[in-house]
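In what follows, chains carry the letters A, B, and so on, assigned in the order in which the sequence lines appear, proteins first and then strands, with residues in each chain numbered from 1.
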Protein chains: 2
Amino acid sequence: MTWTNPTDPVHNRRMSIVRSPDPAPGFAPIAPDAAGMPLYRAVRRALLRSIEEGKLPPGAALPNETDLAAAFDVAVGTLRRAVDDLVAEHILVRRQGRGTFVATHTRDRFLFQFFHVERSDGLREAPAVELLSFERIRMDEDAAAALATRAGTPAFQIENRLKLQGTAVVHDRIVIPAALFRGLTEKRVRERPSTIYHLYQSEFGVTVVRARERLSAVAADRAIARALGVPPGVPVLQVRRTAIALGGRPVEYRVSTIVTTAHDYVNQLSRPS
Amino acid sequence: MTWTNPTDPVHNRRMSIVRSPDPAPGFAPIAPDAAGMPLYRAVRRALLRSIEEGKLPPGAALPNETDLAAAFDVAVGTLRRAVDDLVAEHILVRRQGRGTFVATHTRDRFLFQFFHVERSDGLREAPAVELLSFERIRMDEDAAAALATRAGTPAFQIENRLKLQGTAVVHDRIVIPAALFRGLTEKRVRERPSTIYHLYQSEFGVTVVRARERLSAVAADRAIARALGVPPGVPVLQVRRTAIALGGRPVEYRVSTIVTTAHDYVNQLSRPS
DNA sequence: TCGTCCATGTCATCTATATGACTTGGTTGA
DNA sequence: TCAACCAAGTCATATAGATGACATGGACGA
């Protein structure tokens, strides 16, 4: 037999009638008025916090919509609205018929969201990454400013060379705070099975969700020129990226240098829906 | 007295009961099954076509949600879903308490959506535009390819110099098909009251909704160097933009050349919601 | 005259529910 | 053994309506 829960006529919210067992444990009802914020925003925040705290690790399945809505004590439509937002931010992934999952940093996602270099004729391809160096350093002024800390803060610096169709196209210098990545070694970087963002996520609980980039054109210095096999002084595209993790904290400063003789950095202004 | 419309038990859609006068004239009911497309997509398309055909000119107010939903013979929630999409694409603008309007190309929108240059310290500012030349030309290969036509097609070419804080930072070469902009004159370009995209929209019914950009680093040639007041050969950022109008047709090819000694091209990968 | 209040119309949020589409895994039958 | 089928669980779409927030313009009173 099925029946509907009685509702509170004042707040029009389901009253707490407990069924056993709790179909979605660990999710508390949302306060009716969470700081004047719309309910779906409060639900979004609650979900985000569950992810940040590791209650929902990457790849985990969320409870189904009905149960989760009941646990939060909101309507399914409201829950869906919150989940919609997180899906749009690539923090959750929905699969019809399967469920809703915490997003993981797959190669495809990296390519789509964070790798914008393609050949001039439009061909897109996954780059072959080659580790050039791995060092413990102290941050310079630029990295420190981007990472909201002070110059001299201990960090790891990783240099990569990226090849497309066998030719070196991109040089990356990556700076990440040592405090966030305790125990990182060259071996772990070298032997990572997937992208470096996947490594951050799976090994250190750091999930990159977005980034700001500043692009400029510069002349290739001697080191870059050598790494990329071009004459020094050639105009190259410099991309300075600050990557932001789940909590909103900057976690990576990356300077990508791109040879744009046969490749471009592509950008889509306002995608069609 | 209020009453609800009877519903068709098979399709669960409101039966056509005409009230006088029609509160939302010009909007026909959506076919129940428009090519297997979800209903809200069909509604979105119907709205788009009304805009493209000029039935809803820029700045026009849509009928209110209830009336419009009734005219399309869909639920308000379904209409809202369609409108949500168009708002996300900056094609419609909602103003709570006022209504929903067809978006116009304001200066703010241009800055936000299509102008990505800012000073290295993060200061954003509207550029001062200076018209350098206005010519009738025939398209070169690049422009023709971008605009999906043949080299030699008649076009207008506009050269602009953009200044930020008094210093020249950007040079634009804009190519637009003459066929789409009949009657355009240097005077009209020079005396436009707002952005050039606003001119396209208000004078020629061409509404730019999105763009693809390809960025590369090049050495400034003599002409660019003179226009921007830098030595020839200096590395500059070249942005080749193809702007897409409402129907999905490419309508503008633009090559922006940016001096990045004190400025950057900024890009946001996945905005927070 | 001018400012305050309020009625009205709009979008924004939220609930509740029904039905369809898709995926998975087990059952059934040749 | 194995392929076809089917049931259950999930998200996707759609409806209907209630309530709140916001903007505007007119009525009203000092």
Side-chain angles (χ1 to χ4, degrees), chain A residues 2-15 23-24 29-44 60-70 72-88 92-101, chain B residues 2-15 23-24 29-44 60-70 72-88 92-101:
Chain A
T2 67
W3 44 271
T4 56
N5 286 337
T7 53
D8 172 351
V10 175
H11 294 94
N12 199 22
R13 299 272 296 279
R14 226 175 295 93
M15 294 198 296
I30 305 290
D33 184 36
M37 183 189 297
L39 243 194
Y40 72 88
R41 294 287 291 178
V43 171
R44 172 182 174 278
L62 270 65
N64 74 60
E65 296 180 336
T66 313
D67 288 351
L68 197 49
F72 282 135
D73 196 14
V74 301
V76 176
T78 304
L79 172 75
R80 276 188 70 81
R81 174 94 190 247
V83 172
D84 283 345
D85 284 2
L86 294 175
V87 168
L92 294 180
V93 174
R94 275 205 261 243
R95 273 176 270 185
Q96 188 176 358
R98 296 276 315 278
T100 303
F101 305 84
Chain B
T2 66
W3 44 271
T4 56
N5 286 340
T7 54
D8 173 350
V10 175
H11 293 94
N12 198 21
R13 297 274 297 279
R14 224 174 299 92
M15 295 199 294
I30 305 289
D33 183 36
M37 183 189 298
L39 199 43
Y40 72 88
R41 294 287 291 179
V43 172
R44 172 183 173 279
L62 270 65
N64 74 60
E65 297 181 336
T66 313
D67 288 352
L68 196 50
F72 282 135
D73 196 14
V74 300
V76 175
T78 303
L79 173 75
R80 275 187 70 82
R81 174 94 190 247
V83 173
D84 283 346
D85 284 2
L86 295 175
V87 168
L92 295 179
V93 175
R94 276 206 258 243
R95 273 177 268 184
Q96 187 177 359
R98 296 276 314 279
T100 303
F101 305 84

With a non-hydrogen cut-off below 4.0 angstrom, is [X] in contact with a base, only sugar-phosphate, or nothing?
{"X": "B:Arg81", "result": "sugar-phosphate"}
{"X": "B:Thr66", "result": "nothing"}
{"X": "A:Arg95", "result": "sugar-phosphate"}

Can you tell me how far CG of A:Leu79 sits from CG of A:Asp73, rounded to the nearest 0.5 angstrom?
12.0 Å
State the CZ-OG1 distance between B:Arg80 and B:Thr100, to the nearest 0.5 angstrom.
8.0 Å
From [atom1] of [X] over to [atom2] of [N], roughly how many Å is that when rounded to an integer?
{"X": "B:Leu92", "N": "C:dC11", "atom1": "CG", "atom2": "P", "value": "11 Å"}
{"X": "A:Met37", "N": "D:dA21", "atom1": "CE", "atom2": "P", "value": "16 Å"}
{"X": "B:Leu79", "N": "D:dA16", "atom1": "CG", "atom2": "C1'", "value": "14 Å"}
{"X": "B:Asp73", "N": "D:dA16", "atom1": "CG", "atom2": "P", "value": "9 Å"}
{"X": "B:Leu39", "N": "C:dT19", "atom1": "CG", "atom2": "P", "value": "17 Å"}
{"X": "B:Asn64", "N": "D:dT24", "atom1": "CG", "atom2": "C1'", "value": "15 Å"}
{"X": "B:Phe101", "N": "C:dT10", "atom1": "CZ", "atom2": "P", "value": "10 Å"}
{"X": "A:Arg80", "N": "C:dT13", "atom1": "CZ", "atom2": "C1'", "value": "16 Å"}

Give the minimum heavy-atom separation between A:Ala42 and A:Met37, together with the two atoms involved.
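Looking at all heavy atoms of both residues, the closest pair is N-SD, 3.4 Å.
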Closest approach of B:Tyr40 to B:Ala82 (non-hydrogen atoms, all atoms of both residues):
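So the minimum-distance heavy-atom pair works out to O-CB, 3.4 Å.
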A:Phe72 and A:Thr78: side-chain contact (heavy atoms from CB on, under 4.5 Å), yes or no, with the steps?
CA-CA 10 Å; A:Phe72 282 135; A:Thr78 304; over 6 Å; no
Axis deviation across the helix from C:dT1-D:dA30 to C:dA30-D:dT1, five-pair ends, to the nearest 10°
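Overall, the helix from C:dT1-D:dA30 to C:dA30-D:dT1 bends by 0° from one end axis to the other.
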If you find the nucleotide of DNA chain C closest to A:Arg41 and the one closest to B:Glu65, which residue's nucleotide is nearer the 5' end?
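Result of the comparison: B:Glu65.
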Which is more 5' along DNA chain C, the nucleotide nearest B:Gly97 or the one nearest A:Thr78? Just name the residue.
B:Gly97
Among [options], which is the nearest nucleotide to the side chain of [X]?
{"X": "A:Val76", "options": "C:dT13, D:dT13, C:dT17", "answer": "C:dT17"}
{"X": "A:Gln96", "options": "C:dC11, D:dC11, D:dT15", "answer": "D:dC11"}
{"X": "B:Ala75", "options": "D:dT15, D:dA12, C:dT13", "answer": "D:dT15"}
{"X": "A:Arg98", "options": "C:dA21, C:dT24, D:dT24", "answer": "C:dT24"}
{"X": "A:Tyr40", "options": "C:dT13, D:dT13, D:dA21", "answer": "C:dT13"}

Passes side-chain contact (heavy atoms from CB on, under 4.5 Å), B:Asp85 versus B:Arg41? Steps please.
CA-CA 9 Å; B:Asp85 284 2; B:Arg41 294 287 291 179; 4.2 Å; yes
Out of A:Val74, A:Leu68, A:Leu86, A:Val83, which one pairs with A:Val43 under the side-chain contact (heavy atoms from CB on, under 4.5 Å) rule?
A:Val74
With heavy-atom distances below 4.5 Å as the criterion, would you say the side chains of B:Val87 and B:Val93 are in contact?
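Of all side-chain heavy-atom pairs linking B:Val93 with B:Val87, none is under 4.5 Å.
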